[in-house]
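What follows is one structure encoded as structure tokens, with my remarks underneath.
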Amino acid sequence: MMIQIRPDRFLQDLHTLRQFGAAGVGKGVVRPAYSDPDIAAREWLAERYADAGLKTRFDPVGSVWGLAKGQSLLIGSHSDSQPEGGWLDGALGVVCGLEIARAAMEAGGPAVSAVSFQDEEGRFGVTTGSRVWSGATDLKSADRLTDTQGLSFADARARMRHLAGDFVDYKRFTGFLEAHIEQGPWLYEAGEAVGVVTDIVGIRDMRITFEGEQNHAGTTPMHRRRDPLQAMARFQVLIAERFRNVVTPQTVWTTGHVDVHPGAHSIVPGRCTFSMQWRDGETERLKKMEEIIRDTAGEVAEDGGFSVSTSDLVGIEPVPMDARMQAALGDAAEDVAPGRWRRMQSGALHDAASVARLMPVAMLFVPSINGISHAFAEDTREEDLVTGLQVMAQAVERMSVALAA
């Protein structure tokens, strides 16, 4: 193999990156986009790119790039974290990009560039840095986004104004490769080392509001109540029943936020607004689920004497991975970890979904211990991290030939 990676150097860099924002127990990290630890980590990464012989650039939103000369394959992910995150979410893909680009430079080729996109974790939006770069969101619109404290994206990225240069021309890249922890239990429970991603699921997200009648909690008889929280509970039961013959084992749906008004112990609420998000790899199934959701909400409202309304539907379409790049990853996985890998869908959103607007993309997963992510307990065995890096490095040589053809 031309590219001679160094696992010791890779692991050392991964642990060094963890020190920026290290917090909590175990290997926890608090490194939200544009925080002091995030900016310091990006400056450190820029130094590593420069030491590797890559041209370093920060773009206007704070994504940091290590650029090889001429046409190259791009490898990376993100280095920002959740408010309480683990040390590998995003960071693994970033350091894989650094190590493979560096090893490729040392070997005299193939040409590999590296990147850490900004705000993948959604402090201000959804994969904000890669969406702006890909053209899915224009910078003017992104600047109006705010975090939960009301800080605007424009004001946050101004903290990196002293580093910012121009956007990188996507035409210099032949494709994009992203390594990531699985963030789920399948590889870990099966004792497998690698997942070759087939596609990233589509997402639909909306808010539903039931309005009933606000009244006294002590004097309103149960048979006279029009309690919208009860309507929401009935909706959830019916949805689970009606999805049963529509969904697959990979389909998921979640109500992660409920707002009851006015939210007092002694008041029967008058309004209940709740989130409804569903994910699947098939656009038609997503549409069918939407029909069931809307019909069920209308039925619950009519039966109980409630009014019902919905927010605008937010949608992200399923993203298939490039067939040639998948094949290269699969061949490499069989060489490095024979019989211990699988093809699998990604139920989480990643930067690769944004970049797919511009070029061929592919992803590789390594196991998450106990399926835990977005938590301080997030971890992966170091031998699995190295196996993932080895598969990536072998696949890069195959991809460089296939994508150049």
Rounded to the nearest 0.5 Å, what's the gap from CG on L14 to CG on L88? Could you check? 5.5 Å

Separation of I267 CD1 from N215 CG (nearest 0.5 Å): 9.5 Å

Do the side chain of S113 and the main chain of S72 share a donor and acceptor less than 3.5 angstrom apart? no

Nearest atoms (heavy-atom pairs only) where M289 meets V246: CG-CG1, 4.4 Å

Start with the C-alpha gap between D138 and S141, add the side-chain angles, then the distance that decides, and say whether side-chain hydrogen bond (donor to acceptor under 3.5 Å, both in side chains) holds. CA-CA 5 Å; D138 64 84; S141 297; 2.9 Å; yes

Any non-hydrogen side-chain atom of V300 less than 4.5 Å from a side-chain atom of V308? no

Taking the side chain from E182 and the backbone from L187, do they hold a donor-acceptor pair closer than 3.5 Å? yes

Of the non-hydrogen atoms in D38 and P32, which two are nearest, and what is the gap between them? CB-O, 3.2 Å

The complete set of salt bridge (charged side-chain N to carboxylate O under 4.0 Å, His left out) pairs with one or both residues in residues 155-164, sequence neighbours excluded, reads D36-R159, D143-R157

Just to verify, which of Q326, Q345, M363 counts as forming a side chain to side chain contact (heavy atoms under 4.5 Å, CB included) with D199? Q345

For A68 against V112, the heavy-atom pair lying closest together: CB-O, 3.5 Å

Counting only heavy atoms from other residues, nucleotides and ligands, does the tally under 6.0 Å from CG of D166 exceed 12? no

Test side-chain hydrogen bond (donor to acceptor under 3.5 Å, both in side chains) on R285 and T251; report intermediate values, then the result. CA-CA 9 Å; R285 187 174 292 111; T251 311; 4.6 Å; no

Taking the side chain as every heavy atom from C-beta outward, state whether I200 and M321 have any pair of such atoms under 4.5 Å apart. yes

Around R225, counting heavy atoms of other residues, nucleotides and ligands shown, do more than 12 lie under 6.0 Å from its CZ? yes

Show your reasoning for whether side-chain contact (heavy atoms from CB on, under 4.5 Å) applies to W44 and R48. CA-CA 6 Å; W44 170 84; R48 301 286 79 72; 2.7 Å; yes

Quick one: does R279's side chain have a donor or acceptor within less than 3.5 Å of a partner on G347's backbone? yes

Without swapping roles, check the side chain of E211 against the backbone of C272 for a donor-acceptor pair under 3.5 Å. no

Can a donor-acceptor pair be found, under 3.5 Å and without considering hydrogens, that links the side chain of S368 to the backbone of I181? no

Donor-acceptor contact below 3.5 Å, side chain T248 vs main chain Q250: yes

Salt bridge (charged side-chain N to carboxylate O under 4.0 Å, His left out): pairs with one or both residues in residues 85-110, sequence neighbours excluded: R9-E99, R9-E106, D13-R102, E99-R102

Does any donor atom in the side chain of T127 or S354 lie under 3.5 Å from an acceptor atom in the other side chain? yes

More than 12 heavy atoms of other groups within 6.0 Å of K288 NZ: no

Can you find a heavy atom in the side chain of R271 that is under 4.5 Å from one in the side chain of T209? yes

Answer yes or no: are there more than 12 heavy-atom neighbours, outside Q12 itself, under 6.0 Å from its atom CD? no

side-chain hydrogen bond (donor to acceptor under 3.5 Å, both in side chains) evaluation trace for Q236 with T255: CA-CA 9 Å; Q236 298 291 347; T255 291; 2.8 Å; yes

Going from CG on L229 to NE2 on H261, what distance comes out if it is rounded to the nearest 0.5 angstrom? 14.0 Å

Any donor and acceptor pair, going by atom type alone, linking the side chain of Q71 with main-chain N or O of K171 inside 3.5 Å? yes

Strictly distance-based, threshold 3.5 Å: is any side-chain N or O of T296 a donor or acceptor partner for the main-chain N or O of I293? no

State whether E299 and R242 are salt-bridged, where the test is any N-O pair (Lys NZ or Arg NE/NH1/NH2 against Asp/Glu carboxylate O) under 4.0 Å. yes

Give a yes or no answer on whether the side chain of D59 reaches the backbone of V61 with a donor-acceptor pair at less than 3.5 Å. yes

Answer yes or no: is there a side-chain heavy-atom contact under 4.5 Å between V115 and F176? yes

How about CG on D169, more than 12 heavy atoms from neighbouring residues, nucleotides or ligands closer than 6.0 Å, or not? yes

Using the rule ring-ring contact (aromatic ring centres under 6.0 Å, His included), only one of Y170, F58, F117 pairs with W65; which is it? F117

Verify side-chain hydrogen bond (donor to acceptor under 3.5 Å, both in side chains) between D379 and W87, making sure each step is shown before the conclusion. CA-CA 7 Å; D379 205 2; W87 72 301; 3.0 Å; yes

Looking only at side-chain N and O atoms, does S81 offer a donor or acceptor that is under 3.5 Å from a partner on E121? no

Answer yes if the side chains of Q118 and R42 hold a donor-acceptor pair under 3.5 Å, and no otherwise. yes

Once rounded to the nearest 0.5 Å, what's the spacing between atom OG1 of T198 and atom CE of M344? 8.5 Å

Could you tell me if the side chain of D80 sits less than 4.5 Å from the side chain of E120, heavy atoms only? yes

Within a strict 4.5 Å, meaning less than it, do heavy atoms of the V201 and D280 side chains meet? no

Result for side chain to side chain contact (heavy atoms under 4.5 Å, CB included) between I75 and one of M399, E178, M392 points to M392

Which pairs, with at least one residue in residues 332-387 and sequence neighbours excluded, count as a ring-ring contact (aromatic ring centres under 6.0 Å, His included)? H180-H350, H350-F365

Go through it in stages, so that I can follow the logic: the residues are W253 and F243, the test is ring-ring contact (aromatic ring centres under 6.0 Å, His included), and I'd like the CA-CA distance, side-chain angles, deciding distance and then a yes or no. CA-CA 10 Å; W253 62 96; F243 278 172; 4.9 Å; yes

Contact summary for L329 and A395, nearest pair of heavy atoms: CD2-CB, 3.6 Å

Is there side-chain contact between M160 and I39, with at least one heavy-atom pair below 4.5 Å? yes

Give the intermediate values and the outcome of side-chain contact (heavy atoms from CB on, under 4.5 Å) for residues V361 and D322. CA-CA 6 Å; V361 301; D322 180 76; 5.9 Å; no

Might you point out which heavy atoms bring E378 and S373 nearest each other, and give the distance in Å? OE1-OG, 2.8 Å

Heavy atoms, side chains only, cut-off 4.5 Å: are F124 and T146 in contact? no

Once you round to the nearest 0.5 Å, how far does CD of Q214 lie from OG1 of T220? 10.5 Å

When you compare the side chains of S79 and R31, does any donor N or O come within less than 3.5 Å of an acceptor on the partner? no

Dump the intermediate steps for salt bridge (Lys or Arg N to Asp or Glu O under 4.0 Å) on R294 and E290, then the final yes or no. CA-CA 6 Å; R294 293 188 185 277; E290 180 186 352; 2.9 Å; yes

Under a 3.5 Å distance rule, please check whether T137 uses its side chain to pair with a backbone N or O of A142 as donor and acceptor. no

Least distance between heavy atoms, G175 atom then L73 atom: O-CD1, 3.4 Å

